[in-house]
Participant: 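Take this structure first; my questions come after.
FYI, side chains are in, hydrogens and waters are out, and symmetry mates aren't considered; it's all heavy atoms of this structure.
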Amino acid sequence: MPIDDYSAAAQKIAAFLKTLTTLGDLRLKYRITAGAGAADPDGLEAREIYVELAGPDAGMLTQRGGELLRSLEHVAAKIIRLDPEEHDKVSFDAHNFKALRARELKLAAETAAEKVRRTGQPYSFAPMSSRERRMLHLAFRGYGDLETSSSGEGLRRFVVAYPKGYEHARERSRR
Amino acid sequence: MTQEQMPDNMQELVTEIAKALVDEPSAVEVEAVEREESTVLRLRVAPGDVGKVIGKQGRTARSMRTILGAVSMKHHHRYTLDILEEHGEKQASGE
């Protein structure tokens, strides 16, 4: 379901966050941007609603690889009734976590690309969220000689980078 | 906020989040059960909404538990979440 009413969606997310700050006593401030203004200037995220969190408890959000941030993001996406494949339209951020993580992934992609070229073998990344996998796939778009795919199920799903045509060659040899 | 108010607030916190997730908010009930070291929040929703609060691969339930965990840490008291299936009748799991 596309987000057809940004202000209604933003209000629902604001109500959810207010529940956490009042009843949950989390000291968080938030700013919600929806529509064109929410777009990621780096083009790494497909977001249409951007929620920036700050305040004394914002540090909790980015601990353990941003687990709490991702949980808030997931519940918010469900509250505004996004289909699973549309969850990327909502992005929660704190202390510039998303941009920093994007930079880390870009560096990891560069290192992996160098290794795949040197060895001619596939390179498997650690399991990560669908958003982070997407960022990796995007980072590899710049390398015309390499390809990526995802492997594994659920929480264990990870990105694999390999030389262009590698998978096809293996498929053929299997027959 | 006093210590006595907290379980009530947590009960309401889970109620509010669950109501936002389901199609039948009026059917949402949350009961707080005090244990020695923690408080169990037992969430009950309409049978058709159970999947909505659990989510694909349990992701929504896990997210709610992570949120409760953060709130627990702030309050130095552990809150856990139980999601109950419809009154007495256990839902067929298909296994």
Participant: Examine the side chains of Glu16(B) and Thr19(A) and answer whether a donor and an acceptor come within less than 3.5 Å of each other.
Facilitator: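 No - no donor-acceptor pair under 3.5 Å links their side chains.
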Participant: Just how far is it from atom CG of Leu138(A) to atom NZ of Lys106(A), taken to the nearest 0.5 Å?
Facilitator: 11.0 Å
Participant: Salt bridge check, Asp23(B) against Arg81(A): does any charged N sit closer than 4.0 Å to a carboxylate O?
Facilitator: yes
Participant: Using non-hydrogen atoms only, which part of Arg65(B) is less than 4.5 Å away from chain A: side chain, backbone, both, or neither?
Facilitator: neither
Participant: Name the member of Arg27(A), Glu153(A), Arg64(A), Lys12(A) that forms the most heavy-atom pairs with chain B at distances under 4.5 Å.
Facilitator: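 Of the options given, most contacts go to Arg27(A).
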Participant: Specify whether Tyr123(A) and Phe125(A) have parallel, tilted or perpendicular ring planes, treating 30° as the upper limit for parallel and 60° as the lower limit for perpendicular.
Facilitator: perpendicular
Participant: For Leu61(A), which atoms come within 4.5 Å of any heavy atom of chain B: side chain, backbone, both, or neither?
Facilitator: neither
